[in-house]
Amino acid sequence: MNFFYYQIAIPLPIKGTFTYKSKVFLKNGSRAQVSFRNKKVMGVVIKQIKKIPEYKVKEIVETFQENLAFESNEFECLIWASKYYHHPIGDVFSTFMPKLLKDNKKSLETSSSLDKNKHTYEINLENKPSKLTKQQHSAINNLKTADFNINLINGVTGSGKTEIYLDLTEKKIKEGKSILILVPEINLTPQLYKIFSDRFDGSVGLYHSKQTPLQRFNVWKGAKSGEIRIVIGTRSAIMNPLKNLGLIIIDEEHDQSFKQTEGFKFSARELGIKRAQKIDIPIIFGSATPSLSLLKLVSQNKANEVKLTKRVDGQDPPKLVIMDINNQELNSGISNESFNAIEATLSKGKQVLVFINRRGFAPLLECLACGWNAECNSCESSLVYHKVRDRLVCHRCESAYGKPVYCPNCGSDKLELFGLGTEQVEEHLAENFSGVEIIRIDHDSTRKKGAIDNIYKKLEDGAPSILVGTQMLTKGHDFNNVSLTLVLNADNGLISPEINALEKVSQLLIQVSGRAGRKDKDAKVIIQTRYPNDKTLNQLKQGSYSAFSEKMLLEHENLNLPPYSCASILRATSPTQNSNLNFLNKVKNLLINKKNITSIGPLPSFVAKSKGSYKHSLYIQTNSRVYLNKVLNHLDQEIEKINEAKKVKWSFDIDPVEYS
Ligand code: ADP
Ligand code: ZN
Ligand code: ZN
């Protein structure tokens, strides 16, 4: 019997591929069910091996005579990703294969029942503006959309970026192509889905992690067969196998959510660029606060930037007021002056938005007698009191505990809550503004299906109300009748030592202010701060994000920080701190004689212990991508030989967005 031999990627986070044989010929990128450690798993064919191995090779359990799971472009992209991110190849492929295919519950047979009507995507003119603004026009003319180009639409909030996406989609649809659109948050998909479904008479696919496996499979397969030609999704959709893909759009490009921080730590931005490059199609990034990494590409002429400086409605962005709270009395975090501003806004029939960066009621429960404070049993993280549930909740692992009446350490009853969360602000405002609707938007209040839609509906009727919320508020949705925005605690971002902290906090402040005052020229944003002279705050106040980002970019260049250098973090996790430290120190020693390498650490993570394990990291930085890759490859091999590596779980995080 003649066999073909193949390297198979196994859907587990294990380095390398495994050899299996088959009686039938298999193409790269096809599925192959194999037995691995006595379990049946769905692998992917990576490569045929011409030389027959000398060791005993198992036969593939089941092969599939169907369409490829990964077409050659997608396949090559993921091979690249595995190398770029130094991540196990099987896990990379597994990340992008629908569960039902992995579980062998569905197949990829060619479907013949194509519904022709769904193909045409007639344009529905009802919601289409009669004409584009001058800036939209010139933006569209200046975008490079014929072949591979990285484009940035740098446009203030409300400048009509979505309309540009619709226009480009229309053009690509007419050329017979399909379009992939990514947003950072699941919460933003319904809004965009509606806009695209209203405009295009044909099926628009949604793809994100809160869908059922069947929904995901159907969209995946529909897109692959060409039945669905517009797909809207979050970062996991970046490899959606749309047939004839002609354009990738990544909206709110600056958002850190495009980077996965657990498991396969890819960035949908990077993967998107790679994919566009492989098929020679344009990719378009949109943002009011572009990331430094894209702005750097623009400055090097590697990306094409178009600017939209005006809102469609001609309104100027709201005024930013920096409020010094050092000598002010605060009630639930709100100064008297801010309180009066809320009152005045409501009495004019307008809505107020209060931004606070923490959910729950109070982030700390402390004993005044002995200093004990409530911490999670499996994470070194303070428990946050949630009044609605009457529980202490760990924001790391979501474990919930009862709130003790007496201190578990000394028995005293002097237990007190400290700090501020959304629930407390909500309660305080409800007590003081009876009759006004207070709406909280955070992870807790939006958990239920449809909750966020209900909230948006409530707000659309425009009645005076106060919205209290976390970062969720800053993402994509517009609140037309909001005329005052109050930012309660941006200070942490201003003083954080993380490399990208200032970038993050500036984007956040601009985004949160951009959400408001769409129809109001008196709209303003109050930022309460203990650092009224802070350089960043004052730059933002004086005008645009551009002025700030240009300076920031220059600073990063001078200090040789990312995106001007290439960063990676070696992360180690284990039940004991020493195992992590021994391992990372050993690796650090391997780097000591290498040229042009900066390594910092080992450092404990911001939350050193999480879900029962300690986390430590070693920061590794160098000047060129190629060199970093080479060094990490070297480390990959050397780590295999280190005994200390056996006691820890470790992984590389390339282009990290979280540094600690
Ligand atoms: P952005 O995505 O840049 O924040 P949007 O695309 O949401 O801005 O546009 C803001 C508002 O302006 C939307 O309500 C949109 O329907 C409207 N709009 C966009 N372009 C035009 C246009 N050319 N004429 C009239 N209204 C427009
Ligand atoms: Zn005590
Ligand atoms: Zn925990």
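Positions are given from 1, in the same order as the sequence printed here. We count ligands from 1, going down the list as the structure has it; atoms in each ligand are counted the same way.
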Once you measure the plane-to-plane angle for F548 and Y545, does it fall in the parallel (<30°), tilted (30-60°) or perpendicular (>60°) bin? tilted
A side-chain contact here means heavy atoms from C-beta on lying under 4.5 Å apart; do [X] and [Y] qualify?
X: V468; Y: I439; answer: no
X: K194; Y: D198; answer: yes
X: V425; Y: L420; answer: yes
X: I181; Y: V231; answer: no
X: S549; Y: P290; answer: no
X: Q135; Y: T309; answer: yes
X: N357; Y: Q471; answer: yes

Contact check: C376 to the Zn ion (ligand 3), N/O/S below 2.8 Å: yes
Can you list the ligand 1 atoms lying under 4.0 Å from a non-hydrogen atom of [X]?
X: T162; answer: 2 (O), 5 (P), 6 (O), 7 (O)
X: T157; answer: 4 (O)
X: K161; answer: 1 (P), 2 (O), 3 (O), 4 (O), 6 (O), 8 (O)
X: K131; answer: 22 (C), 23 (N), 24 (N)
X: L132; answer: 23 (N)

Nearest neighbour of atom 19 (C) of ligand 1 from the list H137, Q191, Q136, on a heavy-atom basis: Q136
With heavy atoms only and a cut-off of under 4.0 Å, state how [X] meets ligand 1: side chain, backbone, both or neither.
X: S159; answer: both
X: R311; answer: neither
X: V156; answer: backbone

Does G158 reach ligand 1 with a nitrogen or oxygen that is under 3.5 Å from one of the ligand's nitrogen or oxygen atoms? yes
Could you say whether the N/O atoms of V312 and ligand 1 ever approach to under 3.5 Å? no
Taking R571 as the fixed residue, which of T261, D653, N580 is the one that meets the side-chain hydrogen bond (donor to acceptor under 3.5 Å, both in side chains) rule? D653
When Q507, K296, H254, E253 are each screened for side-chain hydrogen bond (donor to acceptor under 3.5 Å, both in side chains) with S291, the one that passes is E253
Between E398 and R391, is there a salt bridge with N-O shorter than 4.0 Å? no
Salt-bridge test for D390 and K387: reply yes if a basic N is under 4.0 Å from a carboxylate O, no otherwise. no
Suppose the cut-off is 2.8 Å; which protein N/O/S atoms would you list for the Zn ion (ligand 2)? C367 SG, C370 SG, C407 SG, C410 SG
How many degrees, to 10°, between C394 SG and C397 SG as seen from the Zn ion (ligand 3)? 110°
